[in-house]
S.K.: 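Structure in structure tokens, see below.
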Amino acid sequence: ADPVRVGLVVKSLGNGFFEAARDGAMEAAKEIGNAEVIYTGPTSTTAEGQIESINSLMAQRVDAIAVSANDPDALAPILKRAMDRGIKVISWDSGVADDARIVHLNPSSNPLIGAMCIKLAADVAGDAGGEMAILSATPTSTNQNIWIDEMKKVLPDYSQLKLVDTVYGDDLADKSYRETVALLKKYPDLKVIVAPTSVGIVAAAQAVEDQGKVGDVFVTGLGLPSELAGHVDAGSVKSFAIWNPIDLGYSAMMIAYQLTQNDEHMSIKAGRMGAISFDKDGNGAMSDPFVYDASNVHKFADIF
Amino acid sequence: MTKDIKDLPDNLNGDWRNKLMRWETLLMVFVAIAFFTNTQISPYFLDPWSLSDATFNFTEKAIIALPMALLIIARDIDLSVASTIALASVAMGFANTMGAGPIELALIGMAVGTVAGFINGWIITRFDIPAIVVTIGTMSLYRGIAYIVLGDDVYRSYPSDFAFFGQGYVWGVLSFEFLLFLCLAVVFGILLHKTTFGRRVYAIGNNPTAALFSGINVKRHRLFLFTLVGLFAGIAAVLLTSRIGSTRPSIAMGWELEVITMVVLGGVNILGGAGSIVGVFIAVFLMGLVTFGMGLMNVPGIVMSIFTGCLLILVIGTPIIWRRFLNARKMRSNSGE
Amino acid sequence: MKNTSLLGKMISHREWLLGAIIVLMLMGVGYIAPFFVTPGNLAEAFDDTSILIMLACAQMLVILTRCIDLSVASNIALTGMCVALFNVAYPDTPALVTLILSIGIGIVLGAFNGILVWLVGIPSIVVTLGTMSVYRGFVFLISGGEWVNAHEMTPQFLALPRATFLDLTVLSWIAIAVTLALFVFTRFTKTGLSIFAVGGNPKAAVYSGINVGKYQFITFCISGAVAGMCGYLWVSRYAVAYVEVAVAFELQVVAACVIGGISIAGGIGTIWGAALGAIFLGLIKNALPVIGISPFWQLAISGLVIVLAVIINSRSEKCGGRRILREAHQ
Amino acid sequence: MNRPVLELRNISKTFPGVKALDSVELQLYPGQVTALIGENGAGKSTLVKVLTGIYAPDGGEILIDDAPVTMQAATDAKRHGISAIHQEAVMFDELTVTENIFINNQNRNIFGLLDWKLMRKRAKTLLEYLDVNVDPNIPLRELSVAHKHLVSFAAALSVSSSIVIMDEPTASLSHHEIQELYRLVRRLRDEGKAILFISHKFDEIFEICDRYTVFRDGQFVGSGGIADVTQDDLVAMMVGRTVSQIYPKEQTTIGDTVMSVKGLSHPSEFADIDFDLRKGEILGFYGLVGAGRSEVMQALFGLTPTSSGSMELNGKPFKPRTPGDAVDQGLVYVPEDRQHQGAILTLPIFQNITLPQLGGLSRSGFIDMAREYDVAREYATRLQLKASSLSENVENLSGGNQQKVVIGKWLATNPNVIIVDEPTKGIDIGSKAAVHKFMGELVAQGLSVIMVSSELPEVMGMADRVIVMHEGRIAARFERDDMTAEAIVTAATGA
Ligand SMILES: Nc1ncnc2c1ncn2[C@@H]1O[C@H](COP(=O)(O)OP(=O)(O)OP(=O)(O)O)[C@@H](O)[C@H]1O
Ligand SMILES: Nc1ncnc2c1ncn2[C@@H]1O[C@H](COP(=O)(O)OP(=O)(O)OP(=O)(O)O)[C@@H](O)[C@H]1O
Ligand SMILES: [Mg+2]
Ligand SMILES: [Mg+2]
């Protein structure tokens, strides 16, 4: 029989996080045997670019599409059209509108991510606490915005932390860097920068080091061990969190494959990850974020 | 060599038509190559629905390319079209929250585009500043306004009827967007090549001063062209917004260069004065075919851009070298006679 | 007949105006956020603008010859990726060698543009629109789309632009040196003069024995060399190399030239104008976040400023000129 | 006679469709001024460009001091001691006078950098030598057309050369400056330089030239000593026929006032311009170059806004805001700079001719191509245009034929008033006569013509009345009967 072909559409090519997810998906495909991953996406994080990728996947009549969306709304029409053509569509990592996919796989539960970021910030700030700022990706990033909301929800529980500003680095290294420098200038007493984006956290750490603020200002948030190992050593980052992108890609691939085999989508068996259950809106979550620090970051730096 | 005019053959513009034919033949050859290659590399290529889907990737840009061709022939350029799309789309999104219906939305999108184009044209003609300079500024300005209005927000839930413009089909696999493009291409072909307006556009592009001294209201024509480009950016905004069903300030980022690439690939002289709509029309398909074919092979967009970049240089460079070769040969045979 | 001083010629009133606006802006920002105008902070803002200054000055030369180089940002990305990968492969290479390597790669990329403009005769905007895509595509190809991150780069690779000397970073000093070198080049060399001639009146240049294409080629090489060097400096300063480095930066570079009064029609402009235009843009970029203007306003403000600057420029260009009725005015 | 310092043998040059030079020959002798004469398009300027390395000849030999040389670029010519003043002022508006003079011949200091101080000093000396009073530090754009030309002389003289070529050097100079130029030419001649002097004006040729060479249609016709020929001989050689009358002014009946201008003023260019124009008359505007005549005409044509004054055309108030307004009311303007303002060089002849009246040749915006072509052919025939096809681009025509296209395009609109600005500037005698004859026919048909000219014989030969301008104001008016050359020149120089 022809192999089951699954298009894995990511936010942007070249991002270490998604490369790791691809490896996971490949692993799943190998495990399934009769399946094939088509890894694709734009180079910059735009919805229009993803639409073009999805268009060519549709033209190749893939069996399923698993997408991490740059924009939940803009992708909805094309994904609906894909579903009309009999293609199974799921979203993972960063979701799309409910009716434009069958299920959505959250990397972790959003409230948990928000709470985790704030907890990490509180840990580095110590009991004395201090000022905190958020460095996000683009102002339109779906999951970043959700996590920031979640952070703000739990913030009242940490009275020692004071959120002074939220800035946007657009997932561009130089812009994130410049925004960080501006933050450091504007808030001389700043204690923590939370960057829930793997691009932003690297740039922020670099900026803190270049400004000679290591020890005064700490960067935390979501990032990849391979990219942050150096900064953990340098001391600008004490700890950060991330879920395992390999597992995420693996699960997304498994789920997509299962959906091409049968229509069951309340609880889907995802190979070594076990069964993942989805609520009535089709939302499911994979696992809790995992915290990395000097003790374990080098071990994982070689993996993703 | 030169003769009295009485003795001249009565050939209407035979000479330049020949030249024109040669240019478009070259493009057609490229199209044929692309088409053939595509049929070879992918069994999915010749599927009507796939082809129809593929047109969505370029139709809106192609629609802007039509008036842009006229503008470039008239020695101007507009780099702010993509930002104009963002501005018009934001206006539509805002109007939608106020409860505007599909037709009103479309009208508002086109109106905002027209105004943006008019402002470009007004600044350029009023203060006599090169267009490239002004539109680099308004490119930031218009998109900046979109960011001010929308920030990290998004406009969505457009009325379901509104989806027709960008997603609807008129007949079988023929989408509304694409049909609109075909009709507009015909209109622009006639406008540029058969009307007084088109002739004046060429005159302005070849020598604006002499055009002015010939009684052509150069400023008004330029202003009109900028407004026209704005209007079409507005139309593209309607189609795109309808197609993706949402508005963010980053919509259509980077399109200006893609539109200009299409126009230049179509043989329009970037320095003004020469070009045809047929050329632009073929170039649109050439780019569409090349990117679609590579999409079928899952070539990343960035790698496709290597090909479009090379294609651009190749298609512009080949005739130049070819002409030089022909001239050299003609010279040789002339001096040998 | 009074001799106009050399200084008067070097710095026209347009540059004075721009300089005054910059000072006014600094005062305004300083009023709202006093720390912004401390020497240390200004040095940092300058450091942040250095790359833009160098690119604007080099771009100016290209624009002087009636060309435009839209491929500079892609050149930065490609050269930056090349040297980053080189650094990963040969970690022991001294930074200076890397710097020279980056200039070399940049020249090759610039020369390719220049050759197409000179020998094939394709308009520069078409050539560089093409190579802009091609060069950036190559970044993807040589890197496989992967990033080169800080921890993969060696300390000496990262140290060069950051090292400080007399309270300014080496990056800033390089920018100052490049600007001064280009100034001497434009004013006191035959090549520099010829570049003005080529853009001012290409036909007259041919009649004077100046090969137009050759000088366009030279400016593309210079632009490429500077872009290549900036590629290394950029990658090293931000400690990361990836496909989208400096994306769309070419428009900022051109905008800086435009604000600096470089005529897009060729032949008119000074290095000071280009540098001030770049400083102006850099100041906006650095000051807006500091005075607490929402990030969403930044883009619109810089756009508005560009439009206003070119309008003011065009006005100041129009005054003066020839008057027949001189007696009637006395 | 001594040996020629420069000799050309069998030089040919072909452009696509035109054989500009067909095995021509030329000799230049040291200490002699050689006139190169020929109709427009005879190939004179092409020869200059071949001689200065701008065009490579297709065949033939260039010998300097009996040694064959090749010219690849303008720098080679410099090396061989040839310097040239080209027909078009090929200078750099944005560069200073000094920079223009030393554009390819700089002085350097000990660091190898350009020594501007020294060059400024040398520029000053050169300009003084030429008796030009301009500041060497100001940009060229601030100079008048005439001064620009003089700077180009300075540039040519800044290099020491044994051969000096001047392609229509007097075309934009005033009477006084022409005299200065003669002095200069004689001085160079006395220094032993060989000079090639191209001109359409016979008085000049007879005044300062020692020898002549005549070209016709790219071919060598003859050469010899000036003393041995008469003007008629030269004309006959040039055109291959005799031109009987150069200024065929027919006596026409002059009718009522068609146009009247009162107190027309501009903030900086001209003031208090008053005149009437009558049906069937040619009104001449004389003045030195830079007197502001073109500016006045451009104001009449709606190109330049005025600050005060009023105009009437055909009894109705006339206030054109754009050239289109003026054309609609029957006033048209043939500008002096036909390459930039008059014709669109890169469009075909027929499109140039029909451009101002496209509206009339179209039905609801669609151009009627057949009618368009007929109109173009009609006017091309009437003006005896010489071209290989009506679809040929205007850039491929010679100067005189380009001018015919520009005049033709305006006549095709059936105007009442036609303004011609320097209608015969740089046009050969044959085309000149054709243009003059044509103007005579126009007024005979009842048109009114305003003719701006810097050529005194032309003004005196053609105009029914003459208005003389000086520095933006009307300095004097003359009726046909009381015109004298002295009076007109005196008024023009403001004396
Ligand atoms: N670059 C060119 N391309 C094509 N044809 C040309 C070119 N330059 C000149 N010609 C043609 O060559 C012929 C000779 O032109 P040239 O300019 O030498 O004449 P000329 O004797 O200087 O005339 P004038 O008195 O009007 O200056 C003309 O027919 C002209 O149209
Ligand atoms: N220095 C200058 N800078 C810019 N344009 C100039 C300059 N000198 C002359 N012109 C332009 O050249 C043309 C001729 O102007 P000029 O001052 O010679 O007027 P004129 O008296 O009509 O002379 P002409 O005898 O040439 O008709 C006009 O269009 C004028 O605008
Ligand atoms: Mg000539
Ligand atoms: Mg004049």
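Residue numbering restarts at 1 for every chain, and letters A, B, ... go by the order of the sequence lines.
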S.K.: Quick one: pull up OG1 in Thr291(B) and CG in Asn55(A) and give me the separation to the nearest 0.5 Å.
M.R.: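 Going from OG1 on Thr291(B) over to CG on Asn55(A), the span is 10.0 Å.
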
S.K.: Once you round to the nearest 0.5 Å, how far does CE of Met304(B) lie from OG1 of Thr43(A)?
M.R.: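 Separation between the atoms: 9.5 Å.
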
S.K.: Give a yes or no on whether Phe94(B) atom CZ has more than 12 heavy-atom contacts from other residues, nucleotides or ligands under 6.0 Å away.
M.R.: no

S.K.: Please flag which part of Ala163(B) lies under 4.5 Å from any non-hydrogen atom of chain A: side chain, backbone, both or neither.
M.R.: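 For Ala163(B), no heavy atom lies under 4.5 Å from chain A.
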
S.K.: Can you tell me which of Thr138(A), Asp71(A), Leu57(A) forms the most heavy-atom pairs within a distance under 4.5 Å of chain B?
M.R.: Asp71(A)

S.K.: Just verifying a value: how many Å separate Ser44(A) OG and Ile302(B) CD1, rounded to the nearest 0.5 Å?
M.R.: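 Here the rounded value is 8.0 Å.
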
S.K.: Rounded at 0.5 Å granularity, tell me how far CG in Asn298(B) sits from CD1 in Ile38(A).
M.R.: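 Result: 5.0 Å between the selected atoms.
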
S.K.: Given a strict heavy-atom distance threshold of 4.5 Å, which part of Glu52(A) is in contact with chain B: side chain, backbone, both, or neither?
M.R.: both

S.K.: What is the distance from atom CD of Gln60(A) to atom OG of Ser42(B), rounded to the nearest 0.5 Å?
M.R.: 6.5 Å

S.K.: For chain B, find its close neighbours in residues 72-90 of chain A: heavy-atom separation under 4.5 Å, sorted by number, or none.
M.R.: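 Within residues 72-90 of chain A, near chain B: Pro72(A), Asp73(A), Ala74(A), Pro77(A), Arg81(A), Arg85(A).
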
S.K.: If you count every heavy atom of other residues, nucleotides or ligands that lies below 6.0 Å from Phe178(B) atom CZ, does the total exceed 12?
M.R.: yes

S.K.: Looking at Arg248(B), Arg156(B), Met294(B), which makes the most heavy-atom pairs under 4.5 Å with chain A?
M.R.: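 Highest number of heavy-atom pairs under 4.5 Å: Arg248(B).
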
S.K.: Under 4.5 Å, counting heavy-atom pairs only, tell me which of Gly301(B), Gly295(B), Ser246(B) racks up the most with chain A.
M.R.: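 Most heavy-atom pairs under 4.5 Å with chain A: Ser246(B).
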
S.K.: Below 4.5 Å, heavy-atom pairs only: which of Val299(B), Thr247(B), Ile251(B), Asn57(B) has the largest tally toward chain A?
M.R.: Asn57(B)

